[in-house]
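Here is the structure we will look at.
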Amino acid sequence: MLIDLQEISSGAHLRRAARSVRVVYKDKVVVVGGNAPVVIQSMTNTDTADVIATAIQIKELARAGSELVRITVNNPEAAAAVPAIRDQLDLMGVDVPLVGDFHYNGHTLLKDFPDCAKALSKYRINPGNVGQGAKRDTQFAQMIEMACRYDKPVRIGVNWGSLDQALLARIMDENSNRAEPLSAQSVMYQALITSAIESAHRAEELGLAADKIILSCKVSGVQDLIAVYREIGKHCDYPLHLGLTEAGMGSKGIVASTAALSVLLQEGIGDTIRISLTPEPGGDRCREVFVAQEILQTMGLRKFMPMVIACPGCGRTTSTVFQELADNIQSYLREQMPTWKLAYPGVESMNVAVMGCIVNGPGESKHANIGISLPGTGESPAAPVFIDGVKAMTLRGENIAKDFQQIVLDYVHSHYAPTA
Ligand code: SF4
């Protein structure tokens, strides 16, 4: 042996100690922070004033697995619609807590639309967008007063693009008086962190309990986000909401979000996440929820749905059969999960392997709960199926996809149905 045999550990660091904040709607309680699992959030992109379209999208996001859904409350029409959206969700049997996203006029909207203030389960306040000069403190205080009055938690959400300019100027002044001034980048980080923590302390002075406060400091650069959250995590015990703001479209948005969030989550930083993807025109808003789930599940932090292990394919399997089967089974599992997760507890731990040829196919399939090794180019046209490591049958012919689905379904029935 070139290397001594030794224990090699894996897994994320212990979570950073944070208070737990309860986000409540009727009997539904979503805990953020403490020892609670990392919570997934999403945000609608409908016009909030359009009650039906917004309620439908919230339902879709909740069904996909979003545990909190944020809606913008940007004008009186939107504020007036919020109670009707909540009623519509009640009619549809959707109890996901709603978070109201407020900017500029939140103090007025929460005061003028008390039913909106009550229907929301949490308020997001951006300290950079509550007003200028003396109005800033008054309007921030008015929003905190509403949170206290209606017993709602808040997220104090600072954003790189709307940083409090007065505070930034103050920190720049302080920096220029230092014997050794910090870099412009460090000043910016400091300003973001200070804005969040000072606002949280101000909210506590105004009477909001510390366990009603969640913080975020969103930026759009991966290294910036990691630096800012590592630092803010050292200075407070409020739960932290993670998200790379304006992550972008398609694979770039997914990769950038995953790169940033996985480093922080691995270090135990982050109590709730949102993936800010720009959807393609006509794209599915739920994709941001699936990406969030996949980040947490592939890191071993939570389990949401059976994982499909599939090889990338190569010149040994030139037909598209194996790609189609991997896609087919992935879609099938996703479609079934809303029902299965209620009927078959534990099914989210199942692994399914779809492999392209004999090189790694049988080996990888044996490691999965159910695995299929499709024939590569020139191999005999037969697909052995392995169940819990043992070859159980061989599929042939045109109906391999349907037959394989049935095998998966039978496995779920026989292994995850609750015992009497
Ligand atoms: S399992 Fe076969 S088809 Fe898949 S990547 Fe490996 S060699 Fe290629």
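Everything numeric in this text was worked out from a predicted model, so none of it was measured. Whatever order the structure lists ligands and atoms in, that order sets their numbers, starting from 1.
- Judged by distance alone, the side chains of Glu204 and Tyr238 do bring a donor and an acceptor atom under 3.5 Å apart.
- The atoms of ligand 1 that sit less than 4.0 Å from any heavy atom of Asn360 are 1 (S), 6 (Fe).
- In this structure, Phe140 has its ring center at least 6.0 angstrom away from the ring center of His107.
- In this model, a donor atom of one side chain and an acceptor atom of the other lie less than 3.5 Å apart for Ser162 and Asn126.
- Of the protein's non-hydrogen atoms, Thr317 CG2, 3.2 Å is the one closest to atom 3 (S) of ligand 1.
- Among the backbone and side-chain atoms of Cys357, none of the N, O or S atoms lies under 2.8 Å from atom 4 (Fe) of ligand 1.
- Counted by atom type alone, Arg285 and Ser42 present zero donor-acceptor pairs between their side chains at under 3.5 Å.
- When each atom of ligand 1 is checked for a heavy atom of Arg316 under 4.0 Å away, the hits are 7 (S).
- At least one N/O/S atom of Cys314, whether from backbone or side chain, sits less than 2.8 Å from atom 8 (Fe) of ligand 1.
- At least one heavy atom of Gly313 sits closer than 4.0 Å to an atom of ligand 1.
- From the protein, the heavy atom lying nearest to atom 4 (Fe) of ligand 1 is Cys311 SG, 2.3 Å.
- Cation-pi geometry between Arg86 and Tyr25 is met: the NZ or CZ atom falls under 6.0 Å from the ring centre, inside 45° of the normal.
- Glu246 and Ser220 form no side-chain donor-acceptor contact under 3.5 Å, judged by distance and modelled atom types alone.
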